[in-house]
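Encoded as structure tokens, the structure appears first; notes follow it.
Every heavy atom of this structure was used, including side-chain atoms; hydrogens, water molecules and symmetry mates were not. The shown structure was predicted, so the numbers you read here are calculated from the model rather than taken from an experiment.
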Amino acid sequence: MEHKHLNYFLALAKTLHFGRASELCHISAPTLSRNIKHLEEEVGVALFIRDNRSVKLTREGESFIDYATATLANWQRFKTNVKDPQQHIYGKVSIYCSVTASYSFLHQILEQLRAQHQYIEITLNTGDPALAINRVLDGHELMAIAAKPNKLPSQIAFVDIGHSPLLLIGPKIQCPITQKLTQNSDGINWSDLEFIVPEQGFSRQRLEHWWRKNNIHGKIYAQVAGHEAMVSMVSLGLGVAMVPKIVLDNSPLQDKVQILTPKMQAPEGFDIGLAVLRKELNDPAISALWNIAQTLEAKAI
Ligand SMILES: CC(=O)[C@](C)(O)C(=O)O
């Protein structure tokens, strides 16, 4: 089946007029008519009902529109790819990251991706960053923005895209916590405070390490998945918490919490990056995203 016949068919299906369709196709009306007949012979059914005054699509003609459109689009895509394989990359990439990462790092990556490769389709899932690496390992998503773990699984390739300190925060509103924060003139008694803690993951480990190192017997008021909700609970006066600075910087509640400065050493920050299974790096769509991430300077936030 010739592609030009499909083009003629679509022109006639659109205009339902031999004269106008032949003009669109830059051929004469008798040539168009001959070619449509030829196509109908090939398909084996009539695609149009013609009488002296009008042209109408048959039922088969209606459904042939989808076939013709898809075939021509495929052909076009194929031709473009063969001509200039660098220019158009097609594909689907699923990404997992926290809501905060979607405002910050992912936003920067996708901005560049859109400018360079508009045919890559992205599916995004947001949630607790503590789950990010595992979601890539178990195939939920192809890529994730994650905190760099102390030990990276060998199947994972990781490119640094930023760094965030961890901050201790407390509420600003009048509440038992703020009273405790101001009571002691020689610093905060951390063992006397309720903590809002991450349910799991790297920031939970950092908090527990900081408690141990400084002999703090932290009391847990609530366990939360995702750092954004921790800021919310602190702002309500339910406790104090340790959260990444980038989460606080992007929080609509940042004015409702105060940063607490411990007398002892502040907790260590962490690196943030894009994670993917090594074996997926050959995929053109994934490597396009990977290359963009590599150009983002690992900047200290
Ligand atoms: C690890 C990560 O994705 C962030 C941006 O730091 C977070 O959401 O905590």
Side-chain angles (χ1 to χ4, degrees), residues 97-107 126-130 132 145-150 160-184 186-273 298-301:
C97 70
S98 72
V99 170
T100 300
S102 78
Y103 292 150
S104 46
F105 302 110
L106 186 67
H107 190 266
T126 54
D128 185 354
I145 295 180
K148 193 182 198 164
N150 291 338
D160 284 341
I161 53 177
H163 177 87
S164 181
L166 279 163
L167 298 177
L168 289 147
I169 57 170
K172 269 190 185 166
I173 53 162
Q174 273 301 322
C175 64
I177 300 271
T178 36
Q179 269 165 20
K180 282 183 195 170
L181 289 173
T182 47
Q183 243 161 29
N184 225 335
D186 46 279
I188 299 166
N189 180 1
W190 296 95
S191 298
D192 192 28
L193 291 172
E194 285 80 25
F195 277 78
I196 313 293
V197 305
E199 216 168 45
Q200 57 183 325
F202 67 97
S203 55
R204 173 69 179 254
Q205 287 159 14
R206 288 284 157 87
L207 175 69
E208 287 180 353
H209 179 252
W210 187 74
W211 278 350
R212 265 198 314 276
K213 204 169 117 194
N214 298 296
N215 215 7
I216 296 166
H217 302 283
K219 284 186 278 187
I220 295 177
Y221 174 80
Q223 310 209 44
V224 181
H227 299 129
E228 293 87 0
M230 291 170 64
V231 180
S232 163
M233 293 185 81
V234 170
S235 76
L236 291 167
L238 301 176
V240 297
M242 183 188 278
V243 293
K245 180 172 182 290
I246 186 161
V247 172
L248 193 61
D249 289 346
N250 284 285
S251 173
L253 298 168
Q254 58 176 291
D255 295 340
K256 299 198 161 49
V257 301
Q258 52 174 314
I259 295 172
L260 309 173
T261 319
K263 282 215 160 133
M264 56 285 253
Q265 211 179 13
E268 237 179 89
F270 61 95
D271 293 324
I272 300 167
K299 50 184 177 183
I301 296 146

| message | I'd like to know whether W211 forms a side chain to side chain contact (heavy atoms under 4.5 Å, CB included) with V197, so could you lay out the CA-CA distance, the side-chain angles of the two residues, the decisive distance to 0.1 Å, and finally the verdict. | response | CA-CA 12 Å; W211 278 350; V197 305; 4.0 Å; yes

| Spacing of CG belonging to L253 relative to OG belonging to S235, to within rounding of 0.5 Å | 4.5 Å

| Sequence-distant partners of P262, side-chain contact (heavy atoms from CB on, under 4.5 Å), two or more places apart | L168, W190, W210, M264

| query | Roughly how far, to the nearest 0.5 Å, is CD of Q254 from CD1 of I169? | reply | 10.5 Å

| Residues which pass ring-ring contact (aromatic ring centres under 6.0 Å, His included) with F202, listed by chain and number, not counting sequence neighbours | H227, F270

| request: Heavy atoms only: give me the nearest G187-K263 pair and the separation to one decimal. | output: N-NZ, 3.8 Å

| field | Validation row: N215, H217 side chains within 4.5 angstrom (heavy atoms) | value | yes

| Are there more than 12 heavy atoms of other residues, nucleotides or ligands under 6.0 Å from atom NZ of K172? | yes

| Contact summary for S203 and P198, nearest pair of heavy atoms | OG-CG, 3.3 Å

| task | Working to the nearest 0.5 Å, report the span between CG of N250 and OG of S102. | result | 8.5 Å

| said: Going by side-chain hydrogen bond (donor to acceptor under 3.5 Å, both in side chains), name the residues that satisfy it together with R204, two or more places apart in sequence or in a different chain. | reply: E208, Q223

| task | Verify, without hydrogens or angle tests, whether S164 (side chain) and P244 (backbone) share a donor-acceptor contact under 3.5 angstrom. | result | no

| Nearest heavy-atom neighbours spanning A146 and A132 | CB-CB, 3.6 Å

| note | When every non-hydrogen atom of V234 is compared with those of V240, the smallest separation belongs to CG2-C, 4.0 Å

| remark: T178 and P171 have their tightest heavy-atom pair at CG2-O, 3.1 Å

| said: Within the structure provided, determine whether E228 and T100 are in side-chain contact (heavy-atom separation under 4.5 Å). | reply: yes

| query | Is any side-chain heavy atom of V247 closer than 4.5 Å to a side-chain heavy atom of M230? | reply | no

| said: Before you tell me yes or no, could you show the steps for I259 and L248 under side chain to side chain contact (heavy atoms under 4.5 Å, CB included), namely the whole-Å CA-CA distance, both residues' side-chain angles and the distance that decides it to 0.1 Å? | reply: CA-CA 10 Å; I259 295 172; L248 193 61; 4.0 Å; yes

| Gap separating the NE2 atom of H163 from the CD1 atom of I272, nearest 0.5 angstrom | 8.5 Å

| query | Can you tell me how far the CD atom of E194 sits from the NZ atom of K180, to the nearest 0.5 Å? | reply | 4.0 Å

| said: Do N189 and Q183 make a side-chain contact, defined as non-hydrogen atoms from C-beta onward lying under 4.5 Å apart? | reply: no

| message | Quick check for you: to the nearest 0.5 Å, what is the distance between L207 atom CG and I196 atom CD1? | response | 11.5 Å

| request: Kindly give the heavy-atom pair with the smallest separation between S251 and V231, and that separation in Å. | output: OG-CG1, 3.5 Å

| task | Kindly say whether A130 contributes a backbone atom to a donor-acceptor pair with the side chain of D128 at under 3.5 angstrom? | result | yes

| task | Evaluate the side-chain proximity of L193 to L181: yes if any heavy-atom separation is below 4.5 Å, no if none is. | result | yes

